[in-house]
K.L.:
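The structure that follows is given in the form of structure tokens.
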Amino acid sequence: MAELQQNTETADTKSSSFYRDFLTKFGALFGLLILCIILSFSTEYFFTVDNMFNITRQASIIAILALAVLLPILTSGIDLSVGSLLALSAMVMGVVSVNWGLGPVLGIISCLAVGAFFGWLNGLALTKLRLPHPFISTLGMMNIARGFALIITGAAPIAGFAFSIQYIGSGSIGPVPVSFLVVIFLYVAMHFFLTRTTIGTYIYAIGGNKEAARLSGINVDKILILVYTSSGLLAGVAGLVMVGRVDSAFPLAGMGYELDAIAAVIIGGASLFGGIGTVWGTMIGTLIIAVLRNGLNLLNVSSDLQMTIIGAVIILAVYIDVLRQRGQTKEA
Amino acid sequence: MAELQQNTETADTKSSSFYRDFLTKFGALFGLLILCIILSFSTEYFFTVDNMFNITRQASIIAILALAVLLPILTSGIDLSVGSLLALSAMVMGVVSVNWGLGPVLGIISCLAVGAFFGWLNGLALTKLRLPHPFISTLGMMNIARGFALIITGAAPIAGFAFSIQYIGSGSIGPVPVSFLVVIFLYVAMHFFLTRTTIGTYIYAIGGNKEAARLSGINVDKILILVYTSSGLLAGVAGLVMVGRVDSAFPLAGMGYELDAIAAVIIGGASLFGGIGTVWGTMIGTLIIAVLRNGLNLLNVSSDLQMTIIGAVIILAVYIDVLRQRGQTKEA
Amino acid sequence: MSEPLLQVIQVKKSFSGTEVLKGLDLDVEAGEVHVLLGENGAGKSTLIKMLTGAYSMDEGEMYWQGEKVTFETPSDSMNVGIATIYQELNMIPELKVYENIFLGNERHRFSMLNRKHMKRKARELLIRLGQNPDLIEKRTGSLGIGLQQIIEIAKALTTDAKLLIMDEPTSSLSGTEVEQLFASVKELRKEGLAIIFISHRLEEIKELGDRVTILRDGLKVETLPVKETISDKMVELMVGRTLNEKFPKIESERGKEGLRVDGLQIAMYPEPLSFSAYQGEILGLAGLVGAGRTELARAIFGADPKTQGSISIFGQEMTINSPKDAIQAGLAFITEDRKGEGLVLGQTLRFNINLGSLFKYKQAGVLKKRALYKNGEHYVQELNIQPAKAGMKARFLSGGNQQKVVIAKWLSTDAEVFIFDEPTRGIDVGAKVEVYRLMNELIEKGKIVVVISSELPELLGMCDRILVMHEGTLTGDFDRETASQERIMRAATGGK
Amino acid sequence: EESTTQVTVVLKTLSSEYWQLVEAGAMEAGKELGIDVRVTGPSAESEIMDQVNLIEDGIVQQPDAFVIAPIQPSSVVPALERAYERDIPVLLLDTDVEWDKKTSFVGTDNYSAGQAAGKLMLESVEEGDEVALITGMPGNTAIDSRIDGAVDVLEENGVLIAARQSGDSDKSESVNVASNILQRNPEIKGIYAASDDMAIGAYRAVNQTNLDIPVIGTDGNLEATENIIAGGLSGTIAQSPYDMGYQSVIAAAKAASGQEVEARIPTEIQTITEDSAPEQAEFIRGVLNR
Ligand SMILES: Nc1ncnc2c1ncn2[C@@H]1O[C@H](COP(=O)(O)OP(=O)(O)OP(=O)(O)O)[C@@H](O)[C@H]1O
Ligand SMILES: Nc1ncnc2c1ncn2[C@@H]1O[C@H](COP(=O)(O)OP(=O)(O)OP(=O)(O)O)[C@@H](O)[C@H]1O
Ligand SMILES: O[C@H]1[C@H](O)[C@@H](O)OC[C@H]1O
Ligand SMILES: [Mg+2]
Ligand SMILES: [Mg+2]
């Protein structure tokens, strides 16, 4: 019977599958390249070493938040609280390390711990309270955490962080921003985690079919809690980088960033229905947005028009992806 | 065979099913009542005729936007652009009726037309461009429309609208705000549409199982386009009421309202996975948020703490719903 | 007798106050194939789900190798050595086939996933099940449900289970795959594995089973040795009365040509297809899994794009580019995948039954509620859907009863041409006869009936004419007199 | 029972230092007069409708006078009308509204503040030099007037405006915007940001680009003042938020008791540079107990 079904198996030979893989992986990258080429021709300031690192520095915070929302999205969830958690962990770090004078190490630890803790609460709300969709629990958390971030110092910003903290957000090694290195490290680690470990596979499985995952013996709740805790932790890291970048923690930091981060993840090819998405796609999605913002600034486009253009590019980027995938299905 | 399976038919008699229906319908209402009772005892100003109409006036904009997002949510979609469309249609109305002096009638027509037109574009993006999820198309549209709203007058607000437009947003008939009557009218009409027409049924079917709907002969694309067009149209109505309420159109109007509206819909018992949700639930969800805001203002609670409390109540409201449904399955 | 491998005593389970299992006993010995037989909704799948920890028991006790156990989650039961193939597919569509096969049971090397090893093992398993080993790299969601069912079987075989539970594993397989599966099962039994096997196909039970436990209404009727019990006896115990004939074939005159498919070209297949179906006959469509029968039906119905060809109904050529066109042209298509394509699970039976025929219940644009209610009740009674509550959500019905709801939806449309794709998949013997009677009624009313089925006996028993498909082409056309199991199989495997 | 006079103060927000200083001044005046002062405001300066709701909810509680700092001047008019109908006098603070029934306006002349910033900039740039301007959230009229004032002074003196971008009144957004401006115009000789938050953001960008050009802000916040002391920002145009709050409540109390109130009560601006910064910082710390 093996031979029977052979030719429903089609022209999908090794080489065409390689080609398809290539496209799938590098489709968004292609869009990014086109964007870069257009900008290089439009403004002489764009394609300079300086500006390239400028972009990576500007992209770093959204890049980390995008990673933070990638995980829940892979499980067919979402995390709307990352922007607020960024602010809250930054404020706590300020209080601990500056106001209480306990120094950078304890500050950083508390920053990450706060992020992870509130992320864990998101996970609990989803799994233990059995809220139907994390949209609602993380929307609630978005408000709760923002409120706390405001209350904690009565809305006063905190400045005067230790050099080591500033270094993470604004230092460079040679011309390379430290924040960019942080991003690279996180992305490599996450890629490895998602593709090489059992838990990584389970995350995709849960996003694909939660009930099937459960019936396959996967402890779905445990994994979901881990996912939301990691998401919060990453928001904490983003808070750390943000503070380093502006040398101040302020309670309205990161407002609305969650939508940018989600957009980056989806431009990068992930599906809101779960189970589909990659770390590299996310990186490219982030860069598309960052490059676009930077380029439009360099072209001196007003911020109003920038909004409209970015909106159009979001749709365009995803549409290109749709076209590409359709092309694939047709020819393969 | 019939008699054999008879006793899988159980105690689920008419009366217990009535009880269950009652709970399902009035669970959120119950929460709203409790909230009102608590507030009546906490502040003398709450339970006054004045304040009741104050609340309905304040709730009206979110109430209309909630209706606007209910439709896409029922089809398992979402519309993030309603807040921006509110602003854009308001600005266009301002330009047409005030800046160009073409009067209120043309102003209102253009306001609604703009909302519907951009909603229609959302629908096209979803169905014709085949974007995978309306989250992305409407997120794009959210930016595009906001950008337009800003560009159209170079960010300047427009004031000095005709009396008739003001009347819709801030007039009263006796003590009853006109905007409240508009809301009631829209809700009744929508309830009728969703429960008594073929298209209403199709909307639920599409949200429940798009493929099954298609194979049952439903023109899914046509219905989806209708849904997003109506959503945009309702955003236009909200823009009209908003302008009437503050006698001015301004480009940042309705920012972030999409999330409030979605929260209201979900608190009202709708499912983000589609196919589940009612007009009345949406009304109650809206009122819960509005009453809470108003009550906290009257209690002079600081806005920071308000955020945290509202976040917690969002989670709580949905959790109560979860508990109630679980209780039902157990005892009924 | 040594102590049983698995024993359950007096299990009870209720949903929303409805008692589904009412104190059921079961014992399974090592090395036996233990069959569960019962009508749709008797509680077989519910029992299985309690054995695996997917549901919790309300009451009752469970013993594993003599020791009392409670399973809180599926992984608890997997840990003691129970592998399960559930009635509904549990594949992750986005994962590759080999990833699904090892899901929850991954192989590691230095605590990292060992993909190489998993792929090798997956290939071996597919070969053993008679499949193309290259499938392992495919996205599971891209495969038809027949193949997915085979992947599901492969998945169960990766564990070192002592008990293998199979809830209707064959319902979407055709003869050849079933044979492959049975060969594997028999081998496993030899190795001392116990198997719980659920099927509504009596001949399978006869071939494979050692003992059969018959369930009725959430209670055990009896456990009997299969070899010594005649099938009719089993059916009688199961439905509580004797079933006179399995295939109530009626004789009727061949009438007008009702459906004509001319040079239909389906995107993925090279050759155009032509055939006709006539009034007064039931036309069968046979073939192996993946032969393209579903694709053909979908193309006719406008569910998938077709590149060329025409479709005529009672001599009139119809333009069909969407299911909507098809319905307006008078077609009805009872899809094979009831969960994915047939039902809106979150809605009531009434809603589902009326969904395709709302246009009949409109007055001045407004739906006539009472008429809709009446129609819902009518079909619940007519098809004997259980529980007979039109207001119940489709999700909570047993598989077989869900299937009836899908059929009801299409009967309600007043179509002229009915294409049934695996209409009796997962339906019990009693209900099957009811479905056959429905087909007869349609024929008598002058409607056209086309039946796609992987159960050859069913086609042979009910059809006046049988077309056979192989790899997207029509390779056989037999009438009732010339059709035989052997001839059809030959055509289905491509040998003319 | 004799009820005390009640003044309700609705600010743009309470979540920034500037508005907390206004609040402190208002409360101090209330304490001195022995009247009941309630200060509220939405969570952020973008919440236009929340502010309208706050005013309406305030009306329900029947105060004797209102002090309002409108986020979006035109949008509060109907609510103000409603207050007026109930004979509640309305004073405006910080941002004026074209509404002839107002009792008074208390606040900075923002155009002059912008001019002052322009003048301060002229101390370090000369004719023909290029500078960049960072504006606020669209529709913030107070900030727009400052930018106008600065532009007029700079252009009169032959300084070129090379870039004008919105920092959305947000610190981190301003870092990005400023660094992109510097990418494009490396010759820029100075940056004026119309609020201190944006100025601090812009300064970070300057610092990260290893440039040494003056950055000037507005408001006179503690964070900005300390930044000046540390050698960061070159200066800021301080407003007198504490005084605004104080004066407005005094005037509101007068209006509530039927007394005449001046139609315009201007509050001071002060150019803060390295020399005057310590004093300013100390003043704020004192007021806010920090
Ligand atoms: N989650 C649930 N909620 C409510 N009722 C349920 C639920 N699951 C099953 N039932 C009911 O329990 C009864 C037994 O269902 P079950 O699926 O066990 O039947 P079955 O014997 O496997 O039937 P089939 O042969 O059709 O698969 C049915 O009447 C069904 O409607
Ligand atoms: N060996 C195979 N390799 C790849 N795809 C296959 C293979 N066999 C089947 N398919 C896919 O499965 C689908 C058809 O499967 P399906 O099981 O529905 O077959 P069918 O003959 O149409 O119907 P039935 O299941 O009723 O026999 C097609 O989309 C086909 O591409
Ligand atoms: O005067 C104030 C301004 O109105 C506000 O928007 O920002 C803070 C201050 O600059
Ligand atoms: Mg079953
Ligand atoms: Mg098929």
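Just so it is clear, the structure is predicted and the values come from calculations on it, not from any experiment. Order of the sequence lines fixes the chain letters, A, B, ..., with proteins taken first and strands second; residue numbering starts at 1 for each chain.
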K.L.:
Which answer fits B:Pro251, side chain, backbone, both or neither, if we ask what part of it has an atom under 4.5 Å from a heavy atom of chain D?
P.N.:
neither

K.L.:
I need the single residue from B:Val301, B:Ile288, B:Asp260 that forms a side chain to side chain contact (heavy atoms under 4.5 Å, CB included) with B:Arg293. Which is it?
P.N.:
B:Asp260

K.L.:
Checking B:Ser302 against chain D: side chain, backbone, both or neither under 4.5 Å from a heavy atom?
P.N.:
neither

K.L.:
Knowing that exactly one of D:Asp197, D:Leu21, D:Ile200 qualifies, which makes a side chain to side chain contact (heavy atoms under 4.5 Å, CB included) with D:Asn221?
P.N.:
D:Asp197

K.L.:
Identify which part of D:Gln72 has an atom lying under 4.5 Å from any heavy atom of chain B, answering side chain, backbone, both or neither.
P.N.:
side chain

K.L.:
Tell me, do B:Val183 and B:Ser179 make a side-chain contact under 4.5 Å, heavy atoms counted?
P.N.:
no

K.L.:
By a 4.5 Å heavy-atom criterion (distance strictly below it), what part of D:Ser43 contacts chain B: side chain, backbone, both, or neither?
P.N.:
both

K.L.:
Going through the distances and angles, do B:Met93 and B:Ile108 end up as a side chain to side chain contact (heavy atoms under 4.5 Å, CB included)?
P.N.:
CA-CA 6 Å; B:Met93 174 163 71; B:Ile108 292 175; 4.3 Å; yes

K.L.:
Which answer fits B:Ile61, side chain, backbone, both or neither, if we ask what part of it has an atom under 4.5 Å from a heavy atom of chain D?
P.N.:
side chain

K.L.:
When you compare the side chain of B:Ile62 with that of B:Tyr257, does any pair of heavy atoms fall below 4.5 Å?
P.N.:
yes

K.L.:
Tabulate, in ascending numerical order, the residues of residues 80-88 of chain D having at least one heavy atom closer than 4.5 Å to a heavy atom of chain B, or enter 'none'.
P.N.:
D:Arg82, D:Arg86

K.L.:
Using a 4.5 Å cut-off on heavy atoms from C-beta on, say whether the side chain of B:Gln58 contacts that of D:Glu56.
P.N.:
yes

K.L.:
Do the rings of D:Tyr242 and D:Tyr246 sit parallel, tilted or perpendicular, given the 30° and 60° boundaries?
P.N.:
parallel

K.L.:
Please test D:Asn110 against D:Ile143 for side chain to side chain contact (heavy atoms under 4.5 Å, CB included), starting from the C-alpha separation and ending with a verdict.
P.N.:
CA-CA 7 Å; D:Asn110 281 300; D:Ile143 282 189; over 6 Å; no

K.L.:
Give a yes-or-no answer on whether the side chains of D:Thr218 and D:Ser195 include a donor-acceptor pair shorter than 3.5 Å.
P.N.:
no

K.L.:
Tell me, side chain or backbone of B:Arg245 under 4.5 Å from chain D's heavy atoms, or both, or neither?
P.N.:
both

K.L.:
Side chain, backbone, both or neither: which part of D:Ile48 has an atom under 4.5 Å from a heavy atom of chain B?
P.N.:
side chain

K.L.:
Can you find a pair of side-chain heavy atoms, one from D:Val249 and one from D:Glu28, that are under 4.5 Å apart?
P.N.:
no

K.L.:
Which bit of B:Leu150 is near chain D, if near means a heavy-atom gap under 4.5 Å: side chain, backbone, both or neither?
P.N.:
side chain

